[in-house]
Structure formats: C-alpha cells, structure tokens
> 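Have a look at this one before I ask anything.
Bear in mind that the values here come from a model prediction, so they are computed numbers and not experimental data.
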Amino acid sequence: MNSDLLSLARDLVSALERSDEAKADEILDQVAGLRETQLFKEIGRLTRQLHDTMVSFSVDSKIAAMAEHDIPDAKERLHYVIAMTEQAADQTLTAVEELMPVSDDLSAQINQLSGQWSRFLDREMPFEEFKAMSADLSQYFEQSRASLDKIQAGLSDILMAQGFQDITGQIIRRVIDLVQDLEGSMVNLIKISSRKISPSTGPAEHPELPGPVVPGVDDRAGDVATSQVDVDDLLSSLGF
Amino acid sequence: MRILVVDDFSTMRRIVKNLLKDLGFTNTVEADDGKTALPILEKGGVDFLITDWNMPGMTGIDLLKAVRSSPHLANLPVLMVTAEAKREQIIMAAQAGVNGYVIKPFTAATLKEKIEKIFERIDG
C-alpha cells in the first residue's frame, strides 16, 4: 500500500508540475479512497476488540453471579446433605441400639427354656416343674411375638433410613455440575484475558429438573410442595 | 400382582421392593430408567408401575406419557415416587394421568396408603 501511495504522490507532483488540475484532483481522490479503506480496517479491528471485551465481560458477570448465588446455594445444599446423612445414621443407630437388648432378651430366654426342655426330654423333670415350664413357655410365646414385632419395626426404620442415599446423591450431582460450570467459566476467562482463543459463547447448562427440595434454598419462592400433605392437598384440589 | 419399580438409584429400588414385600407384594421387577422400563412393560404381565421422575435416558414423566399413549398399557396404574416437588410438576404429572404422587423422602406408611388407595379405586 505504501508503494501505491508513493507512486500516486509522484504522479500528483508531475501532474501539478504540468498544471494538469483535473489529473491532480483525480489522484487526490484516489489517495482519499486509500485512507478510507484503512479507516474501515481500523474500525473493524476496534469493533472486534469491543466484541471480545463484551464477551469477556459477560463471562465475568457469569462468574460473579455464581459467586453471588450458586456458590452459597451449593453450600446450603451440601449442609443439607450432611444433615440428611446424619439423620439417617442416627435413625439407623437408634434402631440398632433398641433392637440389641430385645434380641439379647430373646436369646437369654431361649437358652433358659431350652435347658428346661432338655431336662424334660431326659425325663428328669418333676411334674410341678413341668407345670411351671408350661406357663413359662406360654409367656415366652407371648413375649417373643411382641419382641419380633419390635424387631420388624426397627428393621423397617433401618430400611427407610437408607432413602438418604438417593436424595443426597441427586443433590451432590447438582453441586458437581455447578463446579464443572465454574471451572469452564474460569478457563474461558483465562483464555480471553490471554487473548489466545475466543471463548465459547454457549450458556451454562442448567439442570432441566429442579430436583430434591433443599429447605431454605428451594422453598423460598413458595412454589414447591414441602410435605406429602401439600402434595395430597394439591392433587385433591385437582379432583384426585 | 407383578410390580415394576423404576428408579436410577438402586438403593431406592431396594427400599421400595422391601416395602412392597412387607405389604405382601413379592413379585417385583426393576428398571433403572424409562428406556429400560418400556420394553419390560411392552412385554406384558406388569400390573402396577412405580416410577421416579428424574432419571437419565428417559424420565419418569416421559415414561408415564408413553404408557398412557400406548393402547395396551393406557390403563396401567402408575404411582410416581420422586424428589421433584414443584407444584407445576405435580400438576403436570396429574395432567399426564398419574394415579398417585409421593414425594421423597417418604415414610413406609405413606407409600402403603397411596398404593392401597390406588388399588381401592381400581377394584371399586
């Protein structure tokens, strides 16, 4: 371009020396045209720079939004996970602690009765003692039925307590997604600030489904059912 | 009575299966999402479907819609057992034709009550 400009300048000088004004004007127009092209190129460069800056700004604000909302949210969700696992462990331990003495009593009684029963089989038991043993046996049957009911209820409690694994699993998956999102945004930010690679402009993927309700996080808007009673009320209002 | 239990968490499938056993339903089948559940349903012989909502592959709501739009499965009773608790979701499930909706975490008594209620309606 510089050589173009130089030859145009030479032509201009010779035209002026020849007093060829028409030619000189024409050359001056050509020089102006060249300058315009340069100007457009510069505007293009500036526009590109502005665009990049805007994109980096939007990534920046995404990180800010994450720091403001998503990270505290994630912290509350993880606290809820701790609370749920603690509750499940408590429920399981309580059931086990309550069942151990029940099982110990059953075992002690059965030992005692089986000793008596052996004596009876060996014909070593006087009739009076046999009568007492019969009464003991009746009582034992009654007691063991109650004990077995207790054991059944305790086992059912232990079973239900394991439901935490599903809920906490779903919550932790969401937090992992958030951490991945955050990582992606930070990588983009680093790429932009070093101006090596343009950032990906796709928005962060949000989970399609709201998932488990974390008290204090997901029930703020009041658009969730916080108990089975809420669900039942809603369904019955729909004619269920 | 053959019952299909669909949930992506095996722990939850075991819990539901054990509760069903307590209620006297010992004939259960399992699937971990809608995609694996549908072929089992289409093969026939399933009388009751208990499904989660949020599952990879095919969600419970899509499974419910597929069941309702299939001529020979349309009347299958479906109970949804899910952590999804937004009002709009419960309404969506109701509109898709669910027979019962239980939110997690639930109690054994709740599950029993909902299952019995569904059977009462079918029998009555």
> Flag the one option from A:D230, A:L235, A:D223 with the top tally of heavy-atom pairs under 4.5 Å to chain B.
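Between A:D230, A:L235, A:D223, the count favours A:D223.
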> Is A:D157 in contact with chain B via its backbone, its side chain, both, or neither, using a 4.5 Å heavy-atom distance?
neither
> Whether the side chain of A:T85 engages the backbone of A:V81 through a donor-acceptor N/O pair (distance < 3.5 Å, no angle test) should be reported.
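The answer is yes, because a donor-acceptor pair under 3.5 Å joins these two groups.
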> Heavy-atom cut-off 4.5 Å, strictly under: side chain, backbone, both or neither for B:K114 against chain A?
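Just the side chain, heavy atoms under 4.5 Å.
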> Between A:I167 and chain B, with a heavy-atom cut-off of 4.5 Å, which part of the residue counts as in contact: side chain, backbone, both or neither?
side chain
> Tell me which of these, A:D218, A:D232, A:T226, has more heavy-atom pairs under 4.5 Å with chain B than the rest.
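Sorted descending by pairs with chain B, the first entry is A:D232.
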> Let me know if B:Q95 has heavy atoms under 4.5 Å from chain A in its side chain, its backbone, both or neither.
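Contact with chain A is absent: no heavy atom of B:Q95 under 4.5 Å.
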> Pairing donors with acceptors under 3.5 angstrom, does anything connect the side chains of A:D105 and A:Q109?
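Their side chains do not contain a donor-acceptor pair, so the 3.5 Å distance test is not met.
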> Got a salt bridge between A:D70 and A:R77, using NZ or NE/NH1/NH2 to carboxylate O under 4.0 Å?
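Salt bridge: no.
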> Between A:R220 and A:E76, does at least one N-O distance fall below 4.0 Å, as a salt bridge requires?
yes
> In the structure I gave you, are the side-chain heavy atoms of B:I50 and B:V6 within less than 4.5 Å of one another anywhere?
no
> Does the ring center of A:Y80 lie less than 6.0 Å from the ring center of A:F164?
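A:Y80 vs A:F164: aromatic centres not under 6.0 Å.
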> Verify, without hydrogens or angle tests, whether B:D47 (side chain) and B:R2 (backbone) share a donor-acceptor contact under 3.5 angstrom.
yes
> Which residue out of B:A83, B:A108, B:P105 racks up the most heavy-atom pairs below 4.5 Å with chain A?
B:A83
> Only pairs of heavy atoms separated by less than 4.5 Å count here; which of B:G100, B:A94, B:A93 has the most with chain A?
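Ranked by contacts with chain A, first place is B:A94.
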> B:T82 versus chain A, heavy atoms under 4.5 Å apart: side chain, backbone, both or neither?
neither
> Please classify the contact between A:S227 and chain B as side chain, backbone, both or neither, with a heavy-atom cut-off of under 4.5 Å.
backbone
> So do the side chains of B:I115 and B:L20 get within less than 4.5 Å of each other, counting heavy atoms only?
yes
> Could you have a look at B:V98, B:T59, B:L111, B:D22 and say which one has the most heavy-atom pairs with chain A under 4.5 angstrom?
B:V98
